[in-house]
Chemist: 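Next up is a structure, given as structure tokens.
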Amino acid sequence: MQNSRGARGRADTYDVAILGSGMAGGMLGAVLARNGVRVLLLDAGTHPRFAVGESTIPYTSGMTRLIADRYGVPELKPLASHKGISRQVSRHCGQKQNFGFVYHREGAPQNPREINQLVVPQAIRTETHLFRQDIDAYLFHTAVKYGAVPLQNTRITDVDVDPESGVVLRTEQGREYRADYIVDGSGFRSPLAEKFALRETPTRARTHSRAMFTHMTGVRPFDQAPAARQHDQPNPWHHGTLHHVFDGGWLWVIPFDNHSASLNPLCSVGLTLDPRVFPRDDTPAQEEFDAFLRTYPQIAWQFQDARAVRPWVSTGRLQYSAKQVVGDRFCLTSHAAGFIDALYSRGLTNTMELVNALAWRLIAASRDGDWSTERFAYLENLQQGLFDFHDDLVFSSFVGFRDYELWNAVNRTWMLGTMLGNVMLEDAYYRFTRTGDRGIFRDLEDSAHPGSPLPVSAGFNAMSALTRDLCVQVDEGSLAPGEAARRILACVHEADFIAPSFGLGMRETRCFNMSPGKMAKNAVWCRRDAPEEIGRRMINASKGLVRMRLTGG
């Protein structure tokens, strides 16, 4: 459905120019081109290529399915489930049945009671470890199929923006392109952030972390490790994303080979450290990783036979932010706008949020010619809210890594946000499939808490703020970690927005699996005792997920 208006007299004139053809740019380009928008898709590199951001969460998959149906792009639908990806996109991706966390203390054996796990419910067993070079290339080619004009190996050297006439882009090859609007999804070295001095210096982020990462072969399943023999988690570690957590950081293990249909022997491995605890020097990443493993020999067991198959990437501080992300004729999205940390796999989720909220505005503007900054103002509040919410959560988690009791409590607030955020999304999707009313999605934007996974619950957002504030006090040394943990668990225990039968306010509920029994009790609670804004949404979400499972949708 390519735009029939032509190029308005110039072959190099477009409605929307997108910088970056990764996941955000590729998906947005596909959605826009499918809906008649003339799109220029530029990238300094080429596909296929290495990228991190490899682990999905239910909200990511749910949002992918929603975008596919809302904007009429059926090629996106397979990306909403592990089954769909394996059958129609790539057999190089892994399955994700759980989020696993194993807590370690330097110089001490791993305590088998100090583990946490959130199992993806069987009813929505959709999650995936994405082999990004395959997924990103698939999205890029989908955008091109619908008419987006690709320019790979094209670096932008200058951008001029005129609020009245649009955007002029100049490349290092000396070419010039024009567009009515520009979306910058290129990453930290965003041309627009540099051109208009949009970076917030210093960043307002409380989180401090740096990372080193690569792909490896020969990584052993941690379930076979001597340290894991007494673990009582409900789902094998190897079937999901495993996080080894410790005072000062965390280590991710994301296998692509953890099911029989996979053709990929690789495993994504990354070590994330607080640079104030582990200062960066000129030690090569492989040597630093090996030295870390010598300090934690029970983690090292998993890597005895492992070797990197691509060069390590080693970063400085990961956190950066923008004081402004929306302006006249432009919007920064995803990692061009800011970044916190890979913990909890929210990067892809935030990307989907932005694509969904930005796409309909760009489609409308291409039709009525209204490119006013006011039309896109919501994107400013949304992106800044997403950044701040994730920063609060990751900062609190790094403080929690110092003491298992505090980490065990902070982990509940993340569980609740993950589960209830998905309820919000599935409720909206269910109502949309029943009515076809796209206004349902616009109503979601009317929120006092943009960026929160559960914006309709004052109690949830107060709990998130309490967790952050208590962890600030622990970080400053004015509150003991154990007391902060007690207060957080008490808040969770008293919450009216989650079924008491889940037991998430109890210290002993280290692992959570939504069993059929819990689902039945939750259904009764939804109808009898839940706040109205929560109960009806959970009921709709459950109906939608059951229907999805029965129909294979």
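Atom set for the values below is all heavy atoms of this structure, side chains included, hydrogens, waters and symmetry mates excluded.
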Chemist: Is the ring centre of Phe398 less than 6.0 Å from the ring centre of His208?
Modeler: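 So the answer is no for these two rings.
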Chemist: Are a donor atom and an acceptor atom from the side chains of Asp388 and Gln384 found within less than 3.5 Å of each other?
Modeler: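 No, Gln384 and Asp388 have no side-chain donor paired with an acceptor closer than 3.5 Å.
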Chemist: Using a distance-only test with no angle check, is there a side-chain donor-acceptor pair under 3.5 angstrom linking Asp391 and Thr207?
Modeler: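 Yes, Thr207 and Asp391 have a side-chain donor paired with an acceptor closer than 3.5 Å.
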Chemist: Looking at Phe303, I'd like to know if the NZ or CZ of Arg220 sits under 6.0 Å from its six-membered ring centre while staying within 45 degrees of the ring's axis.
Modeler: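 No, cation not above the ring by the 6.0 Å, 45° rule.
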Chemist: Are Asn235 and Gln97 linked by a side-chain donor-acceptor pair shorter than 3.5 Å?
Modeler: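 There is such a pair (donor and acceptor under 3.5 Å, judged by atom type) between the side chains of Asn235 and Gln97.
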Chemist: Quick check: Trp252 with His244 (ring centres under 6.0 Å apart)?
Modeler: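 Ring-ring flag for His244/Trp252: false, centres at least 6.0 Å apart.
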Chemist: Any luck finding a side-chain donor-acceptor pair between Gln319 and Ser209 under 3.5 Å?
Modeler: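 There is such a pair (donor and acceptor under 3.5 Å, judged by atom type) between the side chains of Gln319 and Ser209.
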Chemist: Are Phe339 and Phe387 an aromatic pair, judged by ring center distance below 6.0 Å?
Modeler: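 No, they do not, as the ring centres are separated by 6.0 Å or more.
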Chemist: How about Gln230: does its CD atom have over 12 heavy atoms from other parts shown lying under 6.0 Å from it?
Modeler: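 Incorrect, the count does not exceed 12.
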Chemist: Strictly by modelled atom types, are Thr241 and His129 linked by a side-chain donor-acceptor pair under 3.5 Å?
Modeler: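 A donor-acceptor contact under 3.5 Å links the two side chains.
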Chemist: Is it true that Ser321 and Thr203 share a donor-acceptor pair across their side chains at a distance under 3.5 Å?
Modeler: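 There is such a pair between these side chains.
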Chemist: Without hydrogens or angle criteria, can the side chains of Asp69 and Tyr429 be said to hold a donor-acceptor pair below 3.5 Å?
Modeler: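 Yes, side-chain donor-acceptor contact under 3.5 Å.
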Chemist: Within the 3.5 Å criterion, strictly below it, is a donor on Lys96 or Ser55 matched to an acceptor on the partner's side chain?
Modeler: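 Short answer, yes.
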Chemist: Nearest 0.5 Å please: distance from the CZ atom of Phe131 over to the CZ atom of Arg91.
Modeler: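 If we round to the nearest 0.5 Å, Phe131:CZ and Arg91:CZ are 14.5 Å apart.
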Chemist: After noting the C-alpha distance and the side-chain angles of Arg402 and Asp475, does the key distance pass the salt bridge (charged side-chain N to carboxylate O under 4.0 Å, His left out) rule?
Modeler: CA-CA 10 Å; Arg402 305 174 191 176; Asp475 188 51; 2.5 Å; yes
Chemist: Is the terminal nitrogen or CZ of Lys145 (NZ for Lys, CZ for Arg) located under 6.0 angstrom from the six-membered ring centre of Phe140 and within 45° of that ring's axis?
Modeler: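 No - Lys145 does not lie over the ring of Phe140 by the 6.0 Å and 45° rule.
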Chemist: Would you name the heavy atoms of Val399 and Cys471 that are closest together and state the gap between them?
Modeler: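 Looking at all heavy atoms of both residues, the closest pair is CG1-O, 3.8 Å.
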Chemist: Check whether the side chains of Thr56 and Thr128 place a donor and an acceptor atom closer than 3.5 Å, and report yes or no.
Modeler: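 Side-chain D/A pair, Thr56 to Thr128: absent.
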Chemist: Looking at Phe441, I'd like to know if the NZ or CZ of Arg70 sits under 6.0 Å from its six-membered ring centre while staying within 45 degrees of the ring's axis.
Modeler: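 Checked: cation-pi criterion not met.
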Chemist: Salt bridge check: are Glu114 and Arg105 linked by an N-O gap of less than 4.0 Å?
Modeler: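 The answer is yes: the pair qualifies as a salt bridge.
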Chemist: Give a yes or no on this: more than 12 heavy atoms of other residues, nucleotides or ligands lie within 6.0 Å of atom CZ of Arg49.
Modeler: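 Yes, because the 6.0 Å sphere around CZ of Arg49 holds more than 12 heavy atoms from other groups.
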Chemist: How about Phe222 and Trp301: are their ring centroids closer than 6.0 Å?
Modeler: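 Distance test on ring centres: not under 6.0 Å, no.
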Chemist: Can a side-chain donor-acceptor contact be found between Tyr296 and Gln110 if the only test is distance below 3.5 angstrom?
Modeler: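 Gln110 vs Tyr296: no donor-acceptor pair found between side chains.
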Chemist: Can a donor-acceptor pair be found between the side chains of Asn116 and Asn408 at a distance below 3.5 Å?
Modeler: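 Looking only at side-chain atoms, Asn408 and Asn116 do form a donor-acceptor pair, the distance falling under 3.5 Å.
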Chemist: Going by an N to O cut-off under 4.0 Å, is there a salt bridge joining Arg280 and Glu288?
Modeler: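 Here Arg280 does not pair with Glu288 in a salt bridge, since their nearest N and O are not under 4.0 Å apart.
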Chemist: With rounding to the nearest 0.5 Å, note down the distance linking CD in Glu127 to NE2 in His239.
Modeler: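 Between Glu127 CD and His239 NE2, I get 15.5 Å after rounding to 0.5 Å.
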Chemist: Testing the 3.5 Å rule here: is there a donor-acceptor pair between the side chains of His92 and Gln133?
Modeler: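 No donor-acceptor contact under 3.5 Å links the two side chains.
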Chemist: Nearest 0.5 angstrom please: Phe401 CZ to Phe246 CZ, how far?
Modeler: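 Going from CZ on Phe401 over to CZ on Phe246, the span is 8.0 Å.
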Chemist: Determine, step by step, whether Glu426 and Lys543 satisfy the salt bridge (charged side-chain N to carboxylate O under 4.0 Å, His left out) criterion, reporting the C-alpha distance in whole Å, the side-chain angles of both residues, the deciding distance to 0.1 Å, and the verdict.
Modeler: CA-CA 9 Å; Glu426 295 297 344; Lys543 289 178 180 177; over 6 Å; no
Chemist: Aromatic ring centroids of Phe101 and Trp250 under 6.0 Å?
Modeler: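 No, too far apart.
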Chemist: Return the CG to CZ distance between Leu242 and Phe99, rounded to the nearest 0.5 Å.
Modeler: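 Atom-to-atom, Leu242:CG and Phe99:CZ are 13.0 Å apart.
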Chemist: For Ser262 and Asp257, which I'm curious about, is there any donor-acceptor pair between the side chains at under 3.5 Å?
Modeler: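 Looking only at side-chain atoms, Asp257 and Ser262 do not form any donor-acceptor pair under 3.5 Å.
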Chemist: Can you find a side-chain donor-acceptor pair between Ser397 and Tyr344 that sits under 3.5 Å?
Modeler: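 Yes, a side-chain donor-acceptor pair sits under 3.5 Å.
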Chemist: Tell me whether Arg276 at atom CZ has more than 12 heavy atoms from other residues, nucleotides or ligands lying less than 6.0 Å away.
Modeler: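 For Arg276, atom CZ is crowded (more than 12 foreign heavy atoms under 6.0 Å).
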